[in-house]
Number of protein chains: 2
Amino acid sequence: MTQAVLAGDDRIPIYQRLADVLRQSVIDGQVKPGDRVPSENVLAEDYGLAAGTVRKALDVLVSEGVFERFQGRGTFVRRPSFDASLFRFFRFRSPEGEYSVPESRILRREVEPMPGHVAQALERPEGVPGISMSRLRLQDDVPTVAEEIWLAHEPFRAFAEMPTGEIGDLLYPVYDRVCGQLVARADETLTVEAASPETARLLRVAEGTPIIVIERVAKGYDNRPIEWRRSRGRAEQFSYHTEIR
Amino acid sequence: MTQAVLAGDDRIPIYQRLADVLRQSVIDGQVKPGDRVPSENVLAEDYGLAAGTVRKALDVLVSEGVFERFQGRGTFVRRPSFDASLFRFFRFRSPEGEYSVPESRILRREVEPMPGHVAQALERPEGVPGISMSRLRLQDDVPTVAEEIWLAHEPFRAFAEMPTGEIGDLLYPVYDRVCGQLVARADETLTVEAASPETARLLRVAEGTPIIVIERVAKGYDNRPIEWRRSRGRAEQFSYHTEIR
DNA sequence: CACATATAGTTCTATATAGAAGTATAGCTG
DNA sequence: CAGCTATACTTCTATATAGAACTATATGTG
């Protein structure tokens, strides 16, 4: 057999093609986050490749954040867990200094046509029906973040019909469980504005107070957009850190 | 000789030790940004190592952003370019759509004891003398960014005594040329505040306008802090994009 | 049962080797 | 001189192999 399994453009390197195949198996849901990937030796055997070549393919996927490796234990599909990371920016620590998931209140949830900018972000034709939500997140009963969220109606029909009470504080696990939609990464854009009357009311701040706005497009392993979200929080407690070079 | 050249803790892998040696040669200034690194084969020969081991060491340094590789051309010490800096969002484009270096006006420059938070960031004892500057950056004669800058006095004595007229619009090249201090990377923290009277005056905005504050600690290849800087600009048109996972 | 010890399986490091692919330059040809 | 060609040098891909380092599990011992 040799590597007939990896047919296709032989202009691109074998290790890349293997990486593509393995990445696709995650996209297709054949292996799920937390699952163990066959060992390097087994993969080498299966595909008729040298161990080094397989290892290089895994290197690619690890650096992409798709896989995770542990010496002696194995290689696993990484559980993407960045939901808390947006809120890390907002410094949501408890008095004990620990991070915690804030309480979520869904204020509104209905099906209506998507506006242009949302449809564009979700790569859908304008005017197509979507699920629109307003959500408020609170820390110790203090409102900290107000969110508008949009989902395409099509793969989220089951979510639209689900009772609100059954939706917990985190949405992404629900997307996965109820609709098989797995969020792998996201694009975020940060801007600043002065609080509108609406935002001021929700966040209980004075009108005109500086507000951080984060627009997020959550994407699957296949890089297709899943959810559009705009979050607003008081800029006061916001602090974002990064390393540049 | 074999790899006697790479003595030291043989608990850590050879490729790591080689990476350490090469990184150090950049820190010491034996090779400068833009310089070419000996080829993989030559390094392998010199250190008595297999080609693959050398390559792995280079992989490390490339991923750290210290080196840069081009197939067929060679491996080079990377010129640090702060393209990813949060600061670039204050660099407005010229009418032709090109980015340009804004004009810089140094308003003040004097030697005085460093305040606590600066001393801490620069890893110096509190109260030690430092060079303090106020600088205003303008685009087409419009003030866009106001900066406070601190340097430790000790390695920057020559800079302190230099006439202001000889300092151009960019500081880092001067640090390198005059004091041999090479900035390799930086940590940046972004926050938001309402414009103080002082800031409002400098940036010619109304008091209370949302202002982006970026605190930066610039560091050398050896990761030691070189410069502390706090920049303030109008938040109005600020937009920062990033990918998370 | 509790606790060492052996064992099998995993990733990680290192070597050696060969050729492909890309780049720059010297030298030849018209 | 302009333009092609050969050549030498670079990084990149791929194979094969061996053992080290680490982890989890099974096994034996007290």
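So that the names make sense, note that chain A is the first sequence line, chain B the second, and so on, each numbered from 1. Computed from a predicted structure; not experimentally measured.
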dC9(D), OP1 or OP2 - any side-chain N/O from Ser39(B) closer than 4.0 Å? no

According to side chain to side chain contact (heavy atoms under 4.5 Å, CB included), who are the partners of Val178(A), at least two apart in sequence or on a separate chain? Ala158(A), Met162(A), Val174(A)

Rounded off to whole Å, could you give me the CD1-to-P distance for the Ile12(B) and dA21(D) pair? 14 Å

From dT15(D), dT11(D), dA14(C), pick the nucleotide closest to the side chain of Thr75(B)? dT11(D)

Could you pull out all residues at least two apart from Ala160(B) that satisfy side chain to side chain contact (heavy atoms under 4.5 Å, CB included)? Val111(B), Ile131(B), His153(B)

Nucleotide N/O to protein N/O under 3.5 Å, stretch nucleotides 22-26 of chain D:
unit_1, atom_1, unit_2, atom_2, d
dC22(D), O4', Gln71(A), OE1, 3.3
dA24(D), OP1, Arg73(A), NE, 3.2

In whole angstrom, give the distance that lies between atom CD of Glu40(A) and atom P of dA16(D). 16 Å

Does Thr53(A) put a side-chain nitrogen or oxygen below 4.0 Å from OP1 or OP2 of dA14(D)? no

Residues passing the side-chain hydrogen bond (donor to acceptor under 3.5 Å, both in side chains) test with Glu103(A), sequence neighbours excluded, are Arg105(A)

Can you list, pair by pair, the side-chain donor-acceptor contacts under 3.5 Å of residues 217-224 of chain B, counting residues two or more places apart and other chains?
unit_1, atom_1, unit_2, atom_2, d
Lys219(B), NZ, Asp187(B), OD2, 3.3
Tyr221(B), OH, Arg78(B), O, 3.3
Asp222(B), OD1, Arg224(B), N, 3.4
Asn223(B), OD1, Arg185(B), NE, 3.1

Applying side-chain hydrogen bond (donor to acceptor under 3.5 Å, both in side chains) to Ser39(A) and not counting sequence neighbours gives none

Regarding the side chain of Ile14(B), the nearest nucleotide among dC12(C), dT15(C), dA14(D) is dT15(C)

Pairing of Glu227(B) and Arg216(B) as salt bridge, 4.0 angstrom limit: no

Over how many whole Å does the gap from Tyr15(A) atom OH to dC12(D) atom P extend? 9 Å

Find the distance Lys56(A):NZ to dA14(C):C1' and express it as a whole number of Å. 16 Å

Nearest to the side chain of Ala51(B) - dA14(D), dT17(C), dT10(C)? dT17(C)

Between Arg55(B) (CZ) and dA16(C) (P), how many Å, whole number? 18 Å

Between P of dA24(C) and CZ of Arg36(B), the distance in whole Å: 10 Å

Taking side-chain hydrogen bond (donor to acceptor under 3.5 Å, both in side chains) as the cut-off, I'd like each qualifying pair that reaches into residues 55-67 of chain A, sequence neighbours left out, listed once. Arg23(A)-Glu64(A), Glu40(A)-Arg55(A), Asp59(A)-Arg69(A)

Rounded to whole angstroms, how far apart are CD on Gln16(B) and C1' on dA20(D)? 16 Å

Could you pull out all residues at least two apart from Asp169(B) that satisfy salt bridge (Lys or Arg N to Asp or Glu O under 4.0 Å)? none

Rounded to whole angstrom units, what separation is found between the CD atom of Glu68(A) and the P atom of dC12(C)? 12 Å

For nucleotides 4-6 of chain D, list the nitrogen or oxygen atoms of the protein found under 3.5 Å from its nitrogen or oxygen atoms, one pair per line.
none

Verify the ring-centre separation between Tyr175(B) and Phe156(B): is it less than 6.0 angstrom? yes

Select from Gly74(A) and Asp10(A) the residue whose nearest nucleotide in DNA chain C is closer to the 5' end of that strand. Gly74(A)

